[in-house]
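Convention: sequence-line order gives letters A, B, ...; per-chain numbering from 1. Predicted model, so just to flag it, every value in this text is computed and none were measured.
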Protein chains: 2
Amino acid sequence: MLKVSKLTDYGIGLMASLARREGDNLVAARELSADSGLPLPTVSKLLKVLTSSELLVSTRGASGGYALARRPDQITLVDMIEAVEGPLALTECSGNAACVCELETTCGLKANWSWINQQLLNTLRGITLQNMAGSVARDLRTLTNENTIQNSTKKAVS
Amino acid sequence: MLKVSKLTDYGIGLMASLARREGDNLVAARELSADSGLPLPTVSKLLKVLTSSELLVSTRGASGGYALARRPDQITLVDMIEAVEGPLALTECSGNAACVCELETTCGLKANWSWINQQLLNTLRGITLQNMAGSVARDLRTLTNENTIQNSTKKAVS
DNA sequence: TTCATATAGTACCGTAACAGTACTCTTTCG
DNA sequence: CGAAAGAGTACTGTTACGGTACTATATGAA
Ligand code: FES
Ligand code: FES
């Protein structure tokens with residue numbers, strides 16, 4: 001239902017948790033499990049996936065753990081969502097991949113969906129892990145009535 | 001995956017198809033099935049659901065059919081998506097309903113998700129069936145770099 | 001060098017939502 | 001009446017989600 005999966009939600013929660021600990025540069029999965037209340041296996045799976053998407057770096061062995069791969073303001077919502085649930089496309093047709101939908105000729109909504117998809121991506125790309133770790137509403141307050149695109153060139157709307 | 005379900009896609013396709021036929025004021029499900037290429041039972045189910053959400057009006061009996069309940073520019077994407085797949089909430093916590101998530105205290109992302117959800121809703125609410133029946137990109141071209149909120153009060157971003 | 005601790009990798013399973021289909025009932029026009 | 005159309009119900013197969021268990025590998029410390 002235009003919903004982000006639970007796992008994704010959890011994953012972003014973990015990222016935010018890591019972002020808030022500026023001090024410790026290595027945090028074990030067990031620790032994150034403890035203070036998020038999520039079962040360890042779930043946390044492990046998520047951290048692994050986030051690592052393979054290069055949002056986290058991991059150190060194995062005793063006293064190992066995870067840390068952010070980049071500065072929190074260099075990681076966007078799109079990065080995190082796509083890490084967990086793959087490239088996000090609003091519909092079958094809206095992705096960049098060649099549309100395999102046979103209805104394309106009769107339906108003809110593909111261009112529209114792609115455009116909308118792009119808008120949503122832009123909105124989500126404007127929100128960073130840094131924002132999520134704090135208050136998005138505060139950080140982007142001034143944008144509330146015009147959305148998140150930064151370099152907007154103001155034009156009149158017909 | 002932040003994806004709208006196939007049925008929803010179909011449903012919007014049907015709505016668009018209806019919007020394009022300004023002339024005929026009653027179209028049978030069988031007819032829509034024929035020129036969309038979708039199986040009749042699927043089309044019927046969708047039309048029924050769209051009717052119960054008051055986006056369409058139906059006339060029963062012989063020579064009955066469906067018609068738009070409102071002008072195409074008075075029907076938004078949110079209306080259509082919610083008709084098929086229920087109220088749309090990006091996460092468990094982002095809806096208006098009381099959050100039942102027990103992680104609320106430790107995760108504390110609820111406010112952020114709600115805000116983001118609201119942004120997406122605003123974007124989608126700015127797109128009407130009329131736009132979808134034609135070209136969204138053309139209609140909203142001037143808004144491409146600042147998104148779809150109309151009554152924006154321009155402010156500087158810090 | 002051995003052991004405890006940590007991540008990496010794999011594999012599996014139960015549930016629920018999605019997507020499709022079939023069948024029956026009711027209404028209305030000719 | 002009877003054909004045509006929508007309304008309602010019920011069932012099914014498939015897939016993705018969410019959770020769990022188990023094993024392998026790497027590393028620091030005793
Ligand atoms: S569903 Fe593929 S083009 Fe519309
Ligand atoms: S998951 Fe419910 S508040 Fe974060």
Side-chain angles (χ1 to χ4, degrees), chain A residues 1-11 13-14 18 24-34 36-67 69 81 84-89 91-92 101-103, chain B residues 1-11 13-14 18 24-34 36-67 69 81 84-89 91-92 101-103:
Chain A
M1 311 166 178
L2 200 57
K3 180 179 292 183
V4 89
S5 83
K6 258 200 220 172
L7 272 309
T8 306
D9 191 7
Y10 297 163
L14 295 173
L18 276 167
D24 352 4
N25 40 7
L26 272 186
V27 184
R30 175 161 283 124
E31 198 171 343
L32 288 169
S33 161
S36 68
L38 296 169
L40 179 57
T42 301
V43 171
S44 290
K45 182 160 46 168
L46 280 169
L47 293 173
K48 186 180 38 173
V49 127
L50 290 167
T51 302
S52 70
S53 296
E54 310 193 316
L55 299 183
L56 297 180
V57 289
S58 67
T59 305
R60 299 176 67 157
S63 77
Y66 293 92
I81 295 176
V84 181
E85 45 193 56
L88 57 83
T91 64
E92 317 286 336
C101 160
E102 322 85 37
L103 305 171
Chain B
M1 310 165 183
L2 201 57
K3 180 179 293 183
V4 89
S5 85
K6 257 198 219 172
L7 273 310
T8 306
D9 192 6
Y10 297 162
L14 295 174
L18 276 166
D24 353 3
N25 41 5
L26 270 186
V27 184
R30 175 162 282 124
E31 197 171 343
L32 287 169
S33 162
S36 69
L38 296 170
L40 178 57
T42 301
V43 171
S44 290
K45 181 160 49 168
L46 280 169
L47 293 174
K48 185 179 40 171
V49 124
L50 290 166
T51 302
S52 71
S53 295
E54 309 193 316
L55 300 183
L56 297 179
V57 289
S58 67
T59 305
R60 299 176 68 157
S63 79
Y66 293 91
I81 296 176
V84 181
E85 47 193 54
L88 57 83
T91 63
E92 316 285 336
C101 159
E102 324 83 36
L103 304 171

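At least one side-chain heavy atom of B:S36 sits under 4.5 Å from a side-chain heavy atom of B:L14.
Of the residues in residues 49-63 of chain A, those with a non-hydrogen atom less than 4.0 angstrom from any atom of DNA chain C are A:S58, A:T59, A:R60, A:G61, A:A62.
Counting to the nearest Å, the P atom of C:dA16 and the NZ atom of A:K3 are 14 Å from each other. Rounded to whole angstrom, the span from the CG atom of A:L47 across to the P atom of C:dA8 amounts to 8 Å. In this structure, B:L38 places its CG atom 8 Å from P of C:dG20, rounding to the nearest Å. Distance B:Y66 OH to D:dA4 P: 17 Å, rounded to the nearest Å. Rounded to whole Å, the distance from CG on A:L40 to C1' on D:dT23 is 15 Å. Between the P atom of D:dT20 and the CG atom of A:L7 lies a distance of 11 Å, rounded to the nearest Å. Between the NZ atom of A:K45 and the P atom of C:dA11 there is a distance of 14 Å, given to the nearest Å. Rounded to whole angstrom, the span from the CD atom of B:E31 across to the C1' atom of D:dG6 amounts to 15 Å.
Taking each heavy atom of A:E85 and A:V4 in turn, the nearest pair found is OE2-CG2, 3.8 Å.
A close approach under 4.0 Å does not occur between any side-chain nitrogen or oxygen of A:T42 and OP1 or OP2 of D:dG18. One finds no side-chain N or O of A:Y10 lying less than 4.0 angstrom from the OP1 or OP2 phosphate oxygen of D:dC17. The phosphate of D:dA16 (OP1 or OP2) has no side-chain N or O of A:S5 nearer than 4.0 angstrom. Within the 4.0 Å cut-off from OP1 or OP2 of C:dA6, at least one side-chain nitrogen or oxygen of A:R30 is found.
Rounded to the nearest 0.5 Å, atoms OG1 (A:T8) and NZ (A:K3) are 12.0 Å apart.
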Derivation of the side chain to side chain contact (heavy atoms under 4.5 Å, CB included) call for A:V27 and A:Y66: CA-CA 5 Å; A:V27 184; A:Y66 293 92; 5.7 Å; no
Sequence neighbours left out, cut at 3.5 Å: what donor-acceptor pairs do the side chains of residues 39-61 of chain A make with other protein atoms?
residue: A:S44; atom: OG; partner: A:L40; partner atom: O; Å: 3.2
residue: A:T51; atom: OG1; partner: A:L47; partner atom: O; Å: 2.7
residue: A:S52; atom: OG; partner: A:V49; partner atom: O; Å: 3.0
residue: A:S53; atom: OG; partner: A:V49; partner atom: O; Å: 3.3

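Two residues, B:A28 and A:K6, neighbour DNA chain D, and the one matched to the more 5' nucleotide by heavy-atom proximity is B:A28.
Across all strands, B:K48 comes closer than 4.0 Å to base atoms (heavy-atom distances).
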